[in-house]
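First the structure, in the form of structure tokens, and then the observations on it.
For clarity, every value in this text was computed on a predicted model and none was experimentally measured. Quick note on labels: first sequence line is chain A, next is B, and so on, each numbered from 1.
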Protein chains: 2
Amino acid sequence: MSVPQRKARPRRNNESNRREELLRVSAKLFREKGFDGTSIRDISAAAGMHSGSPFYHFKTKQDILVAVMEQGLAEGLRKTEEVMALSLPPEQKLTKLVRTQLGTILEEGNDFIPVLLYDWRSLTLANRRRIVAVKDRYDALWQCLIDDLQRAGHMPGDAQLVRLLILGAVNWAGTWYRLGGRLSLDKVAEDAARLFLQGKQ
Amino acid sequence: MSVPQRKARPRRNNESNRREELLRVSAKLFREKGFDGTSIRDISAAAGMHSGSPFYHFKTKQDILVAVMEQGLAEGLRKTEEVMALSLPPEQKLTKLVRTQLGTILEEGNDFIPVLLYDWRSLTLANRRRIVAVKDRYDALWQCLIDDLQRAGHMPGDAQLVRLLILGAVNWAGTWYRLGGRLSLDKVAEDAARLFLQGKQ
DNA sequence: CCTACCGATCGGTAGG
DNA sequence: CCTACCGATCGGTAGG
């Protein structure tokens with residue numbers, strides 16, 4: 001008379017697991033080779049599927065890109081909000097926020113935000129608008145901290161411009177930083193915060 | 001008995017013009033859509049040629065990418081050396097160098113260095129080695145200035161790391177800056193230098 | 001999620 | 001530099 005409930009649950013979980021696995025390998029491949037440099041067959045192979053199977057989970061390749069970026073933004077936003085909620089003087093909060101962002105783009109398996117940062121131009125215009133709405137909340141959190149720092153006299157210049165410059169310095173690290181090298185992420189965060197702050201020597 | 005010299009010269013010039021035109025439109029397209037997102041047919045059409053004709057000037061599509069990057073580096077290196085040769089205190093030289101780099105990546109038609117910056121992963125390993133050798137000279141010039149600034153006490157932190165952070169902030173501008181907007185390149189350069197320098201308020 | 005397949009487009013080439 | 005073309009690969013689909 002009806003489909004057994006016991007069976008429906010595990011299947012839903014498996015489907016969800018396969019979907020997550022697809023996003024994980026896609027993020028990694030997109031980061032390494034770019035969206036246009038990665039084929040559906042690359043993704044299928046990395047996920048242990050056959051070439052047509054990703055389309056059971058996503059309607060188009062572009063939809064995979066959007067899902068990767070949205071998942072990255074969701075996690076990045078959560079971590080950023082966590083730091084912003086701490087009761088700390090703004091100078092210390094800057095170091096922490098920079099460290100968090102470095103982790104978000106550089107730690108093992110964190111390929112989602114880098115895809116957003118480095119493959120933006122592969123988004124269709126409609127999807128760009130969709131993603132930018134969430135990205136704006138991300139930027140607004142950073143802007144709050146920078147406004148605080150400026151009020152405390154720790155940072156001269158146009159407020160928005162300063163945000164773009166600082167986030168640029170941090171996000172650019174994705175192009176040169178290698179895990180296990182001479183510099184720890186803590187060291188990078190400390191030196192970066194010190195470089196941006198005035199009157200802290 | 002022999003090919004007339006008068007005729008050989010103009011032909012060589014035309015060929016050279018077409019080659020330059022190919023590089024110009026390729027740089028623009030690569031910047032907008034990425035190397036993998038740009039087809040030989042896109043390039044041919046933009047240059048007013050038929051689809052097979054670029055291969056008369058370049059052996060492969062990858063060779064076009066390399067040529068774009070090398071031309072960008074040559075010009076960028078020349079402009080950077082010019083600024084470094086000026087007799088100025090290092091703080092003022094920083095503003096000038098930042099302004100020059102901003103022009104190199106943001107002014108009309110300057111698509112060559114952005115391709116180097118944003119399409120690095122599309123290079124084969126062999127070509128990466130080839131390009132990095134020239135890029136190292138570029139970085140070394142910046143490092144000289146930063147070492148000067150550190151000796152003068154204007155900039156704390158690990159010297160190489162500071163160079164990467166500053167160049168990151170500047171190069172990232174390619175992803176957000178729009179010509180004709182609220183901020184002039186001069187203003188961006190001034191605020192950037194002020195953000196990085198200590199004891200200059 | 002697999003099988004078998006499609007039409008479109010890709011980088012590149014031979015011959016002139 | 002054009003003409004005419006090639007084999008390979010692409011994103012995506014129908015049917016199960």
Check your understanding: Salt bridge between A:Glu107 and A:Arg99, side-chain N to carboxylate O under 4.0 Å?
Key -> yes
Study note, to complete from the structure: In whole angstroms, the gap separating C1' of C:dC2 from NE2 of A:His50 amounts to 6 Å
Review point. Do A:Glu21 and A:Asn17 have a side chain donor and acceptor closer than 3.5 Å?
Key: no
Review point. Given B:Phe196 and B:His154, is the side-chain contact (heavy atoms from CB on, under 4.5 Å) satisfied, shown in steps?
Key: CA-CA 9 Å; B:Phe196 303 137; B:His154 289 308; over 6 Å; no
Check your understanding: Taking CE from A:Met49 and P from C:dC2, how many angstroms apart are they, rounded to a whole number?
Key -> 7 Å
Revision key, fill the gap. Atom OH of A:Tyr56 and atom P of D:dG15 are separated, to the nearest Å, by 18 Å
**Study point:** Chi angles and distances behind the side-chain contact (heavy atoms from CB on, under 4.5 Å) call for A:Lys79, A:Glu75
**Key:** CA-CA 6 Å; A:Lys79 291 199 281 184; A:Glu75 202 190 339; 4.2 Å; yes
Can you name the atoms? Protein N/O to nucleotides 8-11 of chain C N/O, anything below 3.5 Å, with the distance.
unit_1 : atom_1 : unit_2  : atom_2 : d
C:dG11 : OP1    : B:Thr38 : O      : 3.4
C:dG11 : OP1    : B:Lys61 : NZ     : 2.8
C:dG11 : OP2    : B:Ile40 : N      : 2.8
C:dG11 : N7     : B:Arg41 : NH1    : 2.9
C:dG11 : O6     : B:Arg41 : NH2    : 3.0

Practice item. Could you tell me whether B:Asp158 and A:Arg182 make a salt bridge, using a distance below 4.0 angstrom between a side-chain N and a carboxylate O? Key: yes
Point to revise | Sidechain N-carboxylate O distance under 4.0 Å for A:Glu82, A:Arg78 | key: yes
Check your understanding: Could you state the CG-C1' distance from B:Asp63 to C:dG12, rounded to the nearest angstrom?
Key -> 12 Å
Review point. Can any side-chain N or O of B:Asp139 pair as donor or acceptor with the backbone N or O of B:Asp136 at less than 3.5 Å?
Key: no
Point to revise | Side-chain ion pair, A:Asp42 and A:Lys33, N-O less than 4.0 Å | key: yes
Exercise for review: Would you sketch DNA chain D in dot-bracket for me? Only Watson-Crick or G-U wobble pairs with both distances under 3.5 Å count, crossing pairs as [ ], other-strand pairs as |, the rest as dots.
Suggested key: ||||||||||||||||
